[in-house]
Amino acid sequence: METNVDVAVVGGGIIGLGIAWEAIRRGHSVALVDPDPATGATHAAAGMIAPASELHYREEHLLQLTVDSASRYPEFLASLAWTGIDPGYRTTGTLVLAIDAADRTALADLRAVQARHLLPVEQVSLREVRRSEPMIGPAATAAFSSPEDHQVDPRKLAAALLAAVGERGRLIPARVSGFEYAGRRVTGAVLEDGSVLPARHTVVANGLAAAQLQGLPCRLPLRPVYGDILRLRVPAALQPLLTHTVRGLVRGSAVYLVPRGDGTVVLGATMREDGNYGVSAGGVYQLLRDAQLLIPAVAELELEEVLCRARPGTPDNAPLLGGVPGVDGLVIATGFFRHGVLLTPAAAALCVDLMEGKPGPPGFERYRPDRFEEGQA
Ligand code: GLY
């Protein structure tokens with residue numbers, strides 16, 4: 001029998017780690033259970049803290065949470081400074097480029113939506129853009145600037161969180177199979193070897209694997225949305241390839257290039273729902289082709305890494321976040337889809353607020369994990 005903790009977190013991706021750290025820094029005892037932390041979607045993620053340029057059609061309802069979370073980043077990262085691990089937070093802003101007329105129209109439409117929500121996005125002249133980013137090629141025909149869309153390096157952030165949780169909480173390298181209940185209260189997590197980790201609060205934050213847990217009080221309708229993503233090294237002669245994150249709409253396909261402080265560039269990402277968890281040759285081809293159209297020098301870079309991970313998607317692409325009515329001691333935090341890194345500070349604060357009996361932010365009930373159950377609105 002494990003010793004009792006205030007909070008048991010199931011899953012050590014960026015969301016689970018963030019919740020664990022938030023609970024620890026508010027004075028709770030925490031154990032995080034994961035056989036292999038930060039090796040799933042977190043390992044692939046580009047780390048764009050970009051509420052404006054990551055806004056997608058019919059996902060405006062997410063803005064309140066994404067904007068709030070982005071604003072929490074500086075303080076959240078400052079709380080980890082003592083680990084000595086630099087999380088690669090950069091505030092150099094994002095440029096979004098269009099290639100053909102349809103891309104220009106789509107980005108102008110998006111700009112109108114962004115303006116309605118007071119997001120700081122401006123159309124800028126290509127001449128001006130090329131002054132700061134001379135590697136942008138001749139195929140770009142329009143540019144928009146999102147100066148407040150930033151980035152963090154998710155691998156480094158996860159390393160800092162792991163160090164912090166390992167030092168001030170407990171890391172248990174195991175898999176969770178389900179929950180222990182006392183009536184309608186969850187009293188802990190049941191590990192695969194049958195032992196129980198007793199906890200006052202149990203948090204489900206293990207991404208897609210959450211749906212397989214035994215004894216969930218509601219169905220978690222998660223689906224894998226695969227993303228192929230590349231890491232490229234910029235040779236010394238081409239440094240810096242870019243200073244901003246550069247996104248593009250290239251004849252209808254979205255692509256992004258995120259320059260890191262270590263001289264690499266992250267190039268992503270496909271969105272595949274074809275059930276294939278291996279790297280897609282067609283996906284890699286499309287990413288390189290489109291990135292090269294935006295930044296021709298991409299062809300001169302060294303290909304360091306190609307990988308694929310699945311994002312945990314939900315039917316409405318919004319997270320499953322919060323408690324389940326009628327069940328105490330359980331908080332769900334999964335289904336973050338494209339926004340796991342962006343939403344980590346806000347999701348962590350919200351989950352710990354709920355455990356402490358505080359109300360969540362206005363409107364958060366729309367993320368109720370049981371909203372897809374029969375009979376729910
Ligand atoms: N947030 C970027 C992606 O999921 O590709």
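Keep in mind it's a predicted model, so treat the numbers as computed, not measured. Counting convention: from 1, in listed order, for ligands and their atoms alike.
- With no hydrogens or angles considered, no side-chain donor-acceptor pair links Thr94 and Arg247 at under 3.5 Å.
- Side-chain contact between Asp328 and Arg184 is absent, with no heavy-atom pair separated by less than 4.5 Å.
- Residues passing the side chain to side chain contact (heavy atoms under 4.5 Å, CB included) test with His244 are Leu95, Ser132, Glu133, sequence neighbours excluded.
- Taking Asp290 as the reference, nothing meets the salt bridge (charged side-chain N to carboxylate O under 4.0 Å, His left out) condition, with sequence neighbours excluded.
- The side chain to side chain contact (heavy atoms under 4.5 Å, CB included) test applied to Pro315 returns Pro221, Phe372, not counting sequence neighbours.
- Protein residues with a heavy atom closer than 4.0 Å to ligand 1 are Met48, Glu54, Tyr256, Ala269, Arg311, Arg338, listed by chain and number.
- Under the 4.5 Å side-chain criterion, counting only non-hydrogen atoms from C-beta, Phe179 is in contact with Val204.
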